[in-house]
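For reference, the structure is listed below as structure tokens.
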Amino acid sequence: MKLFLDECVIPRFSALLVGHECTTSREAGWLTLPDDEVILRAKGRFDVIITSDRRFARQANLTPEGPAVVILRARHNSMSHLSVLVPRLLEQLRDVRRGAVYVIDGRG
């Protein structure tokens, strides 16, 4: 599966997503792009956008043929806090639908 890591997700996180092709916003040259522009550019290129921006889904124009969006909600946007979400993220990736939004909450 082709995954895009939004700029708010640390690039090192991609190393934990074994079995998936990951591209960071820096690698794509999409740093500082508005969310709706990221969605537009990702359409047809990526299956899923992974972000920790809680407002991403509200600010972006999601369409049924566009990529799915997974929002990671952790106490802190650090590797130690995000890494505990990986098993649930990998499980969710097995069953994503284009244009849908999923939240993986690890703040509990």
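Any value given below was found using the heavy atoms of this structure, including those in side chains, with hydrogens, waters and symmetry copies removed.
Atom CD1 of I50 sits about 6.0 Å away from atom SG of C22, to the nearest 0.5 Å. Rounding to the nearest 0.5 Å places CZ of R54 at 10.5 Å from CG of L72. Atom OG of S25 and atom CG of L31 lie 4.5 Å apart (nearest 0.5 Å). Taken to the nearest 0.5 Å, the OH atom of Y102 stands 12.0 Å off from the CG atom of L89. Note: I71 CD1 to R55 CZ = 11.0 Å, rounded to the nearest 0.5 Å.
The shortest side-chain heavy-atom distance between I104 and R73 does not fall under the 4.5 Å cut-off.
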Check: residues 79-86 side-chain donor-acceptor pairs under 3.5 Å, at least two apart:
from	atom 1	to	atom 2	distance (Å)
S80	OG	S78	OG	3.3
H81	ND1	S78	OG	3.0
S83	OG	M79	O	3.0
S83	OG	S80	O	3.2

Give the table of side-chain donor-acceptor pairs shorter than 3.5 Å for residues 2-21, with sequence neighbours excluded, one pair per line with atom names and distance.
from	atom 1	to	atom 2	distance (Å)
D6	OD2	T51	OG1	2.9
E7	OE1	T32	N	2.7
S14	OG	P11	O	2.9

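Residue pairs that meet the side chain to side chain donor-acceptor pair (under 3.5 Å) test with at least one member in residues 37-47, sequence neighbours left out, are E37-R41, K43-E65, D47-R98.
Cluster annotation: I39 and L33 are assigned to the same hydrophobic cluster (Ile/Leu/Val/Met/Phe/Trp/Tyr, side-chain heavy-atom contacts under 4.5 Å, transitive).
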task: Dump the intermediate steps for side chain to side chain contact (heavy atoms under 4.5 Å, CB included) on V70 and I49, then the final yes or no.
output: CA-CA 6 Å; V70 176; I49 295 172; over 6 Å; no
